[in-house]
Amino acid sequence: MLLKPSQQAYLPGETIYAAMADYQKEQVDAWHAALAAGTFVPTEPRLAATVMLVRRVDADHVSEWRSTAAPADRMAPPNGIEVFMIRRQRTMAVAPNAAVFPGGRVDLRDSDADIPWLGAGPAEWAHRIGRDEETARRVVVCAIRETFEESGVLLARAADGSNAPLDTSGEAWLEERRLLVEHEVAFAEVLRRHGLAIDADCLRYLANWCTPEYAQRRHDTFFFVAECPAGQDADDKTREAFLADWLEPQWAFDRADAGLLDLMAPTVYNLGFAARAADMDELLGTEHVPYRFMEKPVILPDGTYAFTGVLPA
């Protein structure tokens, strides 16, 4: 029997067993059939990036997305951290109805060398994520671009390096997001139009998960965490979601444990960092060793479909 999401250890060196959605079970059955027939050819995973956007809240902060669990039923004491999550449309091809962080696939133009850039450069990020500089450049740009497209939060500063607060609310910025989503404009053009540069120092690397070979759509996804910049706020204007808001991580685990919210294994793993951290400083200050983790689908003795794998030590 599978453990509930909040009960999974998800600790270094631990073997995980995560639940599988119905649409994934169908893909696993097709995968087994193709393997038996000798016709299986794995799909090459596409690079992707996602950002767990977090913010600090006071102990007396009131929210309908706050856990009411008793202290003994919590993963950890309240820590004043909220996470921005979106619940994907039921019609989406990947992770329908799941609650996820803002993110998406790397775009060809994410590798543009003329994208205004501040903070740690591609060489440093290549070291942090364990890949080459070109991959690091594309992944970091993708993470910041997708966060802006799906939440309205832009991890950027004035191109001259000044730290004046950035306000990305309003119709003009919403139009910029639409143009990016429709691929009618390059991210570099949007940044230059507003005299901005991406701020790579806003990101902290968390993990790298790759979709198992059985899947028809595979992603080699890099997970980051970033604190929402002062003066900005995430919104629900993305068309990919029917719900988008700030929530306490424990609330998401409560709902997932009750079968009322779909959390994929990579989301559970990374959301756990926010739930278990003592405070924001610990969450953002903890370094994570680069490691490409890929789950394996299994069918347990009781017939339950699950994902399994050993987490990096």
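Below, all heavy atoms of this structure are taken into account, side chains as well, without hydrogens, waters or symmetry copies. Sequence positions, counted from 1, serve as the residue numbers for this chain.
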Study note, to complete from the structure: Nearest heavy-atom approach of A76 to R276 is CB-CA, 4.0 Å
Review point. Quick one: does V139's side chain get under 4.5 Å of R131's, heavy atoms only?
Key: no
Check your understanding: Heavy-atom distance under 4.5 Å between the side chains of P45 and R292, does that happen here?
Key -> yes
Practice item. Using atom types as modelled and distance alone, determine if a side-chain donor or acceptor of T267 lies under 3.5 Å from a backbone N or O of L263. Key: no
Exercise for review: Output the distance between atom CZ (R138) and atom CD (E134), rounded to the nearest 0.5 Å.
Suggested key: 6.0 Å
Review point. Can you tell me if CZ on R46 sees more than 12 non-hydrogen neighbours from other groups inside 6.0 Å?
Key: no
Exercise for review: Inspect the contact between R145 and D110 and indicate whether a charged nitrogen and a carboxylate oxygen are less than 4.0 angstrom apart.
Suggested key: yes
**Study point:** D254 bridged to R66 by N-O distance under 4.0 Å
**Key:** no
Review point. Would you say the side chain of S151 lies within less than 4.5 Å of the side chain of L53, judging by non-hydrogen atoms?
Key: yes
**Study point:** Path from L11 to L283 over hydrophobic side-chain contacts below 4.5 Å
**Key:** no
Exercise for review: Verify the cluster assignment for Y305 and I16: are they in a single hydrophobic cluster under the rule of side-chain heavy atoms below 4.5 Å apart?
Suggested key: no
Exercise for review: Dump the intermediate steps for salt bridge (Lys or Arg N to Asp or Glu O under 4.0 Å) on E189 and R193, then the final yes or no.
Suggested key: CA-CA 6 Å; E189 182 179 341; R193 182 155 51 235; 3.1 Å; yes
Point to revise | Flag side-chain contact, heavy atom, 4.5 Å: W65 against M85 | key: no
Point to revise | Which atom of E176 lies closest to which atom of H194, heavy atoms considered | key: OE2-NE2, 2.7 Å
Exercise for review: Look at the side-chain heavy atoms of Ile, Leu, Val, Met, Phe, Trp and Tyr, link any pair under 4.5 Å apart, and say whether W117 and L155 land in one connected group.
Suggested key: yes
Practice item. Nearest 0.5 Å please: distance from the CD atom of Q216 over to the OH atom of Y214. Key: 9.5 Å
Point to revise | CD (E175) with more than 12 external heavy atoms under 6.0 Å | key: yes
**Study point:** Trace of the side chain to side chain contact (heavy atoms under 4.5 Å, CB included) decision for V225 with F101
**Key:** CA-CA 10 Å; V225 60; F101 312 122; over 6 Å; no
Exercise for review: Is it possible for you to say whether F222 and M294 belong to one hydrophobic cluster, with membership spreading through side-chain heavy-atom contacts below 4.5 Å?
Suggested key: no
Point to revise | Nearest heavy atoms of A277 and N79, plus distance in Å | key: O-ND2, 2.8 Å
Review point. Roughly how far, to the nearest 0.5 Å, is the CG atom of L154 from the CD1 atom of I144?
Key: 8.0 Å
Practice item. Determine, step by step, whether V100 and T50 satisfy the side chain to side chain contact (heavy atoms under 4.5 Å, CB included) criterion, reporting the C-alpha distance in whole Å, the side-chain angles of both residues, the deciding distance to 0.1 Å, and the verdict. Key: CA-CA 9 Å; V100 298; T50 186; over 6 Å; no
Point to revise | Listed partners of F148 passing ring-ring contact (aromatic ring centres under 6.0 Å, His included), at least two apart | key: W173
Check your understanding: Do other residues, nucleotides or ligands put more than 12 heavy atoms under 6.0 Å from the NE2 atom of H61?
Key -> yes
Check your understanding: Has R105 got more than 12 heavy atoms of other residues, nucleotides or ligands less than 6.0 Å from its CZ?
Key -> no
Check your understanding: Going through the checks in order, is the salt bridge (Lys or Arg N to Asp or Glu O under 4.0 Å) test met by D236 and R87?
Key -> CA-CA 10 Å; D236 61 355; R87 193 166 187 176; over 6 Å; no
Practice item. Starting at CZ of F293, measure out to CG of N208 and round the result to the nearest 0.5 Å. Key: 11.0 Å
Exercise for review: May I ask whether I115 and L118 are part of the same hydrophobic cluster, defined by side-chain heavy atoms of I, L, V, M, F, W, Y residues being less than 4.5 angstrom apart, directly or through others?
Suggested key: no
Point to revise | Inter-residue atom distance E295.CD - Y269.OH, 0.5 Å rounding | key: 11.5 Å
Point to revise | Residues which pass salt bridge (Lys or Arg N to Asp or Glu O under 4.0 Å) with K4, listed by chain and number, not counting sequence neighbours | key: none
**Study point:** Contact check, side chains of W251 and R255, non-hydrogen atoms, under 4.5 Å
**Key:** yes
Point to revise | Q250 side chain vs A275 backbone, donor-acceptor pair below 3.5 Å | key: no
Check your understanding: Which value, rounded to the nearest 0.5 Å, describes the distance between F273 atom CZ and R204 atom CZ?
Key -> 15.0 Å
**Study point:** T211 side-chain N/O to H219 backbone N/O, donor-acceptor pair under 3.5 Å
**Key:** yes
Check your understanding: Is R178 paired with E184 through a side-chain N to carboxylate O contact shorter than 4.0 Å?
Key -> yes
Check your understanding: Can you find a side-chain donor-acceptor pair between Q232 and T168 that sits under 3.5 Å?
Key -> yes
Review point. So, D262 side chain and A21 main chain: donor-acceptor pair closer than 3.5 Å or not?
Key: no
**Study point:** Smallest separation among heavy atoms of V28 and P297, with atom names
**Key:** CG2-CB, 3.8 Å
Review point. Is there a donor-acceptor contact under 3.5 Å from the side chain of R137 to the main chain of P122?
Key: no
Point to revise | Heavy-atom donor-acceptor pair, D201 side chain to A120 backbone, under 3.5 Å | key: yes
**Study point:** Side chain proximity check, L166 to L196, heavy atoms < 4.5 angstrom
**Key:** yes
Review point. Which is it for F40 and E213 under the side chain to side chain contact (heavy atoms under 4.5 Å, CB included) test, yes or no, and what are the steps along the way?
Key: CA-CA 10 Å; F40 175 69; E213 289 186 348; 4.2 Å; yes
Exercise for review: Kindly indicate whether the side chain of P5, heavy atoms from C-beta on, has any atom under 4.5 Å from the side chain of D257.
Suggested key: yes
Practice item. Starting from the C-alpha separation in whole Å, work towards a yes-or-no answer on side chain to side chain contact (heavy atoms under 4.5 Å, CB included) for R192 and D114. Key: CA-CA 10 Å; R192 284 196 298 267; D114 62 343; 3.4 Å; yes
Check your understanding: Looking only at heavy atoms, what is the nearest atom pair of V310 and Y291, with distance?
Key -> O-OH, 4.1 Å
Study note, to complete from the structure: In terms of heavy-atom contacts, A136 and I129 come closest through CA-CD1, 3.8 Å
Review point. Would W125 and F224 count as a ring pair (Phe, Tyr, Trp, His ring centres under 6.0 Å) if you check the C-alpha gap in whole Å, the side-chain angles of each, and the deciding distance to 0.1 Å?
Key: CA-CA 12 Å; W125 273 106; F224 301 91; 5.6 Å; yes
Check your understanding: With a 4.5 Å heavy-atom cut-off, do F307 and P212 have their side chains touching?
Key -> yes
